[in-house]
Every structure is written in structure tokens, then in C-alpha cells.
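First the structure, in the form of C-alpha cells, and then the observations on it.
Throughout, residue positions are numbered sequentially from 1 according to the sequence presented.
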Amino acid sequence: RLQALFHSDDFRTYASDDLAGVDVDTLVFMVNEVDVTADLSIDTGDPLKVRVVYRPAGGWPFNAPVQFSVDVADNAGNAAATDTWTENGPSDSNAPILDQFLPADGASNVGIDTDISFRVRDSLSGIDVAGLVMTVNGVDVSVDLVTSVITAAGVASELTATYSPPEPLNYGTTYNVHVEAADVVGNQAAADWSFTTAPEPTWEITGVVTDANDDPLPGVDVTAGGVTVGTDGNGVYRITGLLAGTYTVVPSFPEYDFTPSSQDVTVGPNARDVNFVGTKRTYRISGRVVDGGGQGVQGVRVSDGTREAI
């Protein structure tokens, strides 16, 4: 005779024979047409009533019937008719839980070297790790996901999936992330979130403009990257708001020449001490003094009011 008890984590049955006793060597136990006899725990302390326990590796299948069959004989060779029955496996209609989105939904000023990650949890049938999906601004990056999986009761009950972009993200850009996950019985979940990267940093060029005597030159225009600023009373200038790159810095002031006339400067980081020396331009007046007959006159003093020549 057989008595069966179906539990959430095992199956227990008793084979009893009040006369010759149960011959456990003849016991054959099948689950879903698979022979699992070798996996049985058999208690033969009472040969007239043998206790048999089967614990399935990874638990019973969810949302599916489980079929059992038992064949056994007594020690006198009397074989019992094959006993078969069906039990309903545990039910799982809950989708996985998606959370811990990073960067957080709505985050701003996110670094361009950030990773993108999320967590999945499923405490019943477990997560279908191979079925994870992630798109970033419409681009499928699922094959690049790296997962860290926690198992419980033989199934993937929790994982963190991380995408590390192969190149830095763009500055000042909103990224829309879509993820999908399912459990092993097909319950599906999806989530969407977005974040915005930090604006591109800007840099500055600073320096001093002096004259040939090392005195400051105020009011000198200094231009770089389409931006023009003037030197202050100390001859100092500062050009700000420049994106990383190389710029040609050019000073200008009426009637002055500068050394150097320009400088190529790379910013990112800031460029300092980009200095210039201004020299006031000078001119020459020349001519010829003649008498009424058109003959040159020697020794005539000619003056411009401040300078004199003979």
C-alpha cells in the first residue's frame, strides 16, 4: 500500500506491507517520466512501512502539473500495480521587481564616464538572466550587460545588471533608458527612466599686457575664440567660457605693436600667464630745404615742436 504527501519542497510517500515487508531494491520512483530513484531518501527502520522522501533539485516546476509513478514489490515477490498520480506545482503569476536605477531617474549633472545599472528581484520561479534587455536612447546594449547574480533555492532570486559605455557619454545630453526582465515562467516586467549628463566644462585664458618699460597697458583688446576683452588698469585680461581646444590669442591697441603678435594656446585646463609686451609705433619725417633757385640749403634747423633736426 502507498500513502503520499505532496509538500512545497519535497514529496513523501510510505510503502507498507504487513506480511513479508517492502523490498526497497524493487522500488522505482518516476517524476514527470524521469527516473529519480537514485535521488530518494529511504528510511528502512521499519521494513513493514518504508518511508520515502524525494526533494527536487531547484524545487518543483512553477505553473505546471507534476506527475508521479511508483513501482515496488514485497520481499515475497509480490509486485504492486504501478501507482500514478498528479499534483499541481506551485503557482507564480508575479512579474519580477525592477528598481535601484542608476543614475537615478531625473538625475542631472551626471558624469560622462558613468555606468548605467538596475536591479531585478524575483523570489518565486527566479529570474531569466539570459532574457534581460536594455536600450539607451533607442540603442540595444543588452549583449554588453554584466550581471551579478544572487541565487536562493537553486534559482536566480536577485541580480544587478550593469552597462559600461565603451566611450564617454556626450556632455549636456538626456539619456532615456528602457529595461525589460522576465522570470523563468514568462512573467514580464519593464521600466523606463532618464538622466542628463553635465554640461561641457569651460576654461579661461589669462595674462598681462605691459609696455617696453614693464608698465601695465590698460585698454588693450585681447581676442580668442571670437571673444574680445580689454585689459584692466593693471594690464590684466581674462577670457572665460572657452570649451576645451586650441585658440589663437591676439592683442590689439591703436599705434602699438606687440611681442609676440599672437600666441596659440590650448585650454583644458586653464591657461595662465599668456603675456604680451606692447611697443608704441614711431614714425620718421624727412624732406629737403631749398632756396628760391631750387638749390639745397645747408644748416637749416627743422622742428616738429618737440624734436629738431639740421
Discussion item. For S164, run the side chain to side chain donor-acceptor pair (under 3.5 Å) check against D144, D115, T114 and tell me which one passes.
Written reply: D115
Donor-acceptor contact below 3.5 Å, side chain [X] vs main chain [Y]:
X: N32; Y: V34; answer: no
X: D92; Y: N94; answer: yes
X: D105; Y: S194; answer: yes
X: T231; Y: V220; answer: yes
X: W203; Y: T266; answer: no
X: T160; Y: S148; answer: no
X: T228; Y: T223; answer: no

[X]: partners by side chain to side chain contact (heavy atoms under 4.5 Å, CB included), with sequence neighbours left out:
X: A190; result: H178, E180
X: V129; result: T147, V149, A156, L159
X: N170; result: T173, Y175

Worksheet item: Parallel, tilted or perpendicular for F29 and F11, by the 30°/60° rule?
Response: tilted
Got a list of side-chain donor-acceptor pairs under 3.5 Å for residues 271-278, not counting sequence neighbours?
residue	atom	partner	partner atom	Å
R272	NH1	E204	OE2	3.4
N275	OD1	V208	N	2.8

Worksheet item: Restricting to pairs with a member in residues 114-142, which pass ring-ring contact (aromatic ring centres under 6.0 Å, His included), not counting sequence neighbours?
Response: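 As it turns out, there is no ring-ring contact (aromatic ring centres under 6.0 Å, His included) pair with a partner in residues 114-142 once direct neighbours are skipped.
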Item to complete: Please list, chain by chain and in numerical order, all residues satisfying ring-ring contact (aromatic ring centres under 6.0 Å, His included) with Y247, sequence neighbours excluded.
Response: none
Fill in: Distance-only side-chain donor-acceptor flag, T174 / T196, under 3.5 Å
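The answer is yes; a qualifying pair exists.
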